[in-house]
Amino acid sequence: MPEFQSVRGFHDLYGEELKKFKHVSNLIREKLRVYNFEEIILPVVEYAEVFQRSIGEATDIVQKEMFTFQDRKGRWLALRPEGTAGAVRAYVQNKLYALKPYVKVFYEGPMFRYERPQAGRYRQFHQIGVEVFGSLDPVVDAELIQLVYEILSELGVNVVIEINSIGCKVCRPSYREALVNYLESVEGHLCEVCYDRKDRNPLRVLDCKVPTCKEAVKEAPKMVDYLCQECKDHYSKLKDYLSLLSIPYRENPYLVRGLDYYTKTVFEAVSTDLDITVIAGGRYDYLVEELEGPPTPAVGFAVGLERLSMLLKEIPPEEPLYFVAPFGDVMDYSLAVAKALRLEGRRVELSYRKGGLRKQLEFANKLGARYVVIVGDEEKAGGFYTLKDMETGEQFRIEFSPAM
RNA sequence: GAGAGCGUAGCUCAGCUGGCAGAGCAGUGGACUGUGGAUCCACGGGUCGCGGGUUCGACUCCCGUCGCUCUCCCCA
């Protein structure tokens with residue numbers, strides 16, 4: 001075991017893994033450009049209170065998953081466990097609402113949660129977060145889900161998009177009460193875990209995997225039946241839009257999110273291969289106000305980049321590599337050739353190791369070169385180089401005069 | 001926070017009821033000084049995760065510890 005190791009749950013990203021990661025990131029950024037979202041770069045550290053207020057004091061994220069520490073003046077700071085809270089803080093602090101009728105932003109970067117690492121779970125992981133501030137229109141929810149759908153389709157991953165409405169200040173309390181009442185009436189049939197969570201996180205009981213719980217919960221009240229008129233309209237309008245856009249989705253009346261700030265629409269994209277959530281989001285109409293901003297409805301979602309990358313099977317091939325292979329006393333000439341090719345915009349590697357032509361061709365293979373630019377005494381003397389296609393074996397003589 | 005599995009060469013892993021630490025792949029050199037992927041030969045490489053115990057003797061058995069992986073809770 002190496003003497004120095006990265007901290008548990010903190011990983012180096014490189015090689016093939018990074019290529020997938022970048023492919024996902026680039027594709028999403030291109031989508032966001034088309035949808036006219038503007039980037040905002042947010043700090044990785046906020047006052048801990050920003051998260052406590054937004055995510056909710058009682059949630060697992062705040063209670064046991066935050067990296068918190070004190071600065072020299074004793075104030076509590078935290079590494080961000082998610083992006084929305086900071087985005088809202090920035091929206092309020094910079095008064096972004098004063099600039100435009102509504103605001104569409106995205107951010108990309110690391111998030112931190114103190115959890116036990118396992119498949120698709122890291123203590124430092126990366127998200128792209130997308131937020132729309134200032135519209136209550138369900139068309140925004142629909143467009144965000146459309147965006148999610150397009151991202152996932154173009155990446156070619158097998159997922160299902162689930163949606164639900166969890167109501168608002170008006171209707172959610174009565175539902176929660178009804179649900180807890182119901183759960184108490186069947187508590188004898190619940191597993192140990194669910195018995196505990198029926199008060200703490202009652203909605204979670206609804207998608208417990210234990211068969212007896214599943215059975216006990218069949219007759220449980222559903223949020224959709226308790227929605228107030230406004231929430232009901234919002235939800236049905238959303239579904240109309242999704243149908244109009246031909247976006248396949250599955251209604252999951254038991255879909256909940258682990259953060260307190262959500263209202264009305266919540267949605268998730270779940271991998272059908274690995275049973276992990278890769279994108280999740282929803283509406284949070286009270287959060288801006290909660291962080292001392294003007295009452296402003298908002299919706300957003302976050303993409304887990306590692307999770308999405310690990311579902312990718314194939315990534316597009318890289319552009320061809322030209323390997324400049326000098327042998328003999330021709331390094332000056334080779335430098336000139338490499339420079340000229342690079343100025344044409346080609347991807348060029350100049351061999352840094354000596355060896356005969358055979359050796360150079362071996363190096364070229366190991367580096368995955370598509371073309372080898374053969375430069376020997378003949379080439380230098382004759383004012384040309386030999387271009388070899390490593391796939392077909394064909395060779396071409398290319399005239400060249402060094403102009404360094 | 002609870003549970004399970006695994007730590008032997010750069011990688012993947014053998015190594016039996018304790019008896020000289022191995023293979024394949026990768027690497028380097030050569031066969032082969034202007035033509036690669038193939039083949040053959042040679043070579044380099046290890047605190048068997050770490051610490052303790054049992055034993056004449058521990059990679060092997062026992063205890064502890066650290067690390068990794070996975071599951072639950074929860075989540076991107």
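Computed from heavy atoms alone, side chains included, the values below leave out hydrogens, waters and symmetry copies. So that the names make sense, note that chain A is the first sequence line, chain B the second, and so on, each numbered from 1.
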Rounding to the closest angstrom, what is the interatomic distance between [N] and [M] at atom [atom1]?
| N | M | atom1 | result |
| --- | --- | --- | --- |
| C48(B) | G10(B) | P | 12 Å |
| U8(B) | A4(B) | C1' | 22 Å |
| C59(B) | A14(B) | C1' | 12 Å |
| A2(B) | G46(B) | C1' | 37 Å |
| C68(B) | G52(B) | P | 23 Å |
| G18(B) | G37(B) | P | 48 Å |
| A58(B) | G1(B) | P | 36 Å |
| G19(B) | G36(B) | P | 48 Å |

Students often get this wrong, so: under 4.0 angstrom with heavy atoms, is [X] touching a base, only sugar-phosphate, or nothing?
| X | value |
| --- | --- |
| E379(A) | base |
| E82(A) | nothing |
| E306(A) | nothing |
| K388(A) | base |
| I374(A) | base |
| N365(A) | base |

Derivation and outcome, ring-ring contact (aromatic ring centres under 6.0 Å, His included), residues F133(A) and Y91(A): CA-CA 8 Å; F133(A) 297 102; Y91(A) 175 81; 4.2 Å; yes
Whole angstrom value for the distance that separates [atom2] of [N] from [atom1] of [X]:
| X | N | atom1 | atom2 | result |
| --- | --- | --- | --- | --- |
| D275(A) | C72(B) | CG | C1' | 14 Å |
| L255(A) | C75(B) | CG | P | 11 Å |
| R397(A) | U35(B) | CZ | C1' | 17 Å |
| F51(A) | A76(B) | CZ | P | 14 Å |
| F267(A) | A76(B) | CZ | P | 12 Å |
| H126(A) | C75(B) | NE2 | C1' | 17 Å |
| D389(A) | G36(B) | CG | C1' | 12 Å |
| L305(A) | C75(B) | CG | C1' | 15 Å |

Short side-chain N/O contact to [N] OP1/OP2 from [X], under 4.0 Å:
| X | N | result |
| --- | --- | --- |
| K366(A) | U28(B) | yes |
| R358(A) | G36(B) | yes |
| K359(A) | U35(B) | no |

Heavy-atom donor-acceptor pair, Q395(A) side-chain to U35(B) base, under 3.5 Å: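 For Q395(A), whose side chain was compared with the base of U35(B), there is a donor-acceptor pair (under 3.5 Å).
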Side-chain-base donor-acceptor pair under 3.5 Å for Q5(A) and G49(B):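 There is none.
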In [range], what residues come within less than 4.0 Å of RNA chain B, judged by heavy atoms?
| range | value |
| --- | --- |
| residues 24-37 of chain A | none |
| residues 111-125 of chain A | R113(A), E115(A), R116(A), Q118(A), A119(A), G120(A), R121(A), Y122(A), F125(A) |
| residues 7-18 of chain A | R8(A), H11(A) |

Please check if the side chain of [X] supplies one atom and the backbone of [Y] the other of a donor-acceptor pair under 3.5 Å.
| X | Y | value |
| --- | --- | --- |
| R80(A) | P110(A) | yes |
| S334(A) | V330(A) | yes |
| T277(A) | E268(A) | no |

Canonical and wobble pairing (Watson-Crick, G-U, under 3.5 Å) of RNA chain B, dot-bracket with |: (((((((..((((.....[..)))).(((((.......))))).....(((((..]....))))))))))))....
Evaluate the side-chain proximity of [Y] to [X]: yes if any heavy-atom separation is below 4.5 Å, no if none is.
| X | Y | result |
| --- | --- | --- |
| S25(A) | E108(A) | yes |
| S309(A) | K19(A) | no |
| F363(A) | R353(A) | yes |
| L312(A) | H23(A) | yes |
| L287(A) | Y262(A) | no |

Given RNA chain B, 5'-ward residue of the pair V278(A) and D377(A), judged by closest heavy atom: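 Between the two, 5'-proximity favours D377(A).
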Earlier contact from the 5' end, RNA chain B, for T392(A) and R353(A):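 So the residue in question is R353(A).
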Inter- and intrachain pairs under side-chain hydrogen bond (donor to acceptor under 3.5 Å, both in side chains), touching residues 175-186 of chain A, at least two apart: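 side-chain hydrogen bond (donor to acceptor under 3.5 Å, both in side chains) check on residues 175-186 of chain A returns no pairs.
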Side-chain H-bond candidate by donor/acceptor type, H11(A) with Q124(A), under 3.5 Å: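 Side chains of H11(A) and Q124(A): no pair found under 3.5 Å.
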Geometric cation-pi criterion, K104(A) with Y35(A): 6.0 Å, 45°: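 Output no; distance or angle outside limits.
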Ring-face cation of R172(A) near Y226(A) (centre distance under 6.0 Å, axis angle within 45°):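 Checked: cation-pi criterion not met.
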Name of the residue among E49(A), E290(A), E292(A), E46(A) meeting salt bridge (charged side-chain N to carboxylate O under 4.0 Å, His left out) with R89(A):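 For R89(A), the salt bridge (charged side-chain N to carboxylate O under 4.0 Å, His left out) check succeeds only for E46(A).
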Geometric class of the F10(A)/F67(A) ring pair [parallel <30°, tilted 30-60°, perpendicular >60°]: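 F67(A) and F10(A): perpendicular rings.
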Summary of salt bridge (charged side-chain N to carboxylate O under 4.0 Å, His left out) pairs that have at least one residue in residues 125-144 of chain A, sequence neighbours excluded: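 Residue pairs passing salt bridge (charged side-chain N to carboxylate O under 4.0 Å, His left out), neighbours aside: D141(A)-R283(A).
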E378(A) bridged to K380(A) by N-O distance under 4.0 Å: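 No, E378(A) and K380(A) are not salt-bridged.
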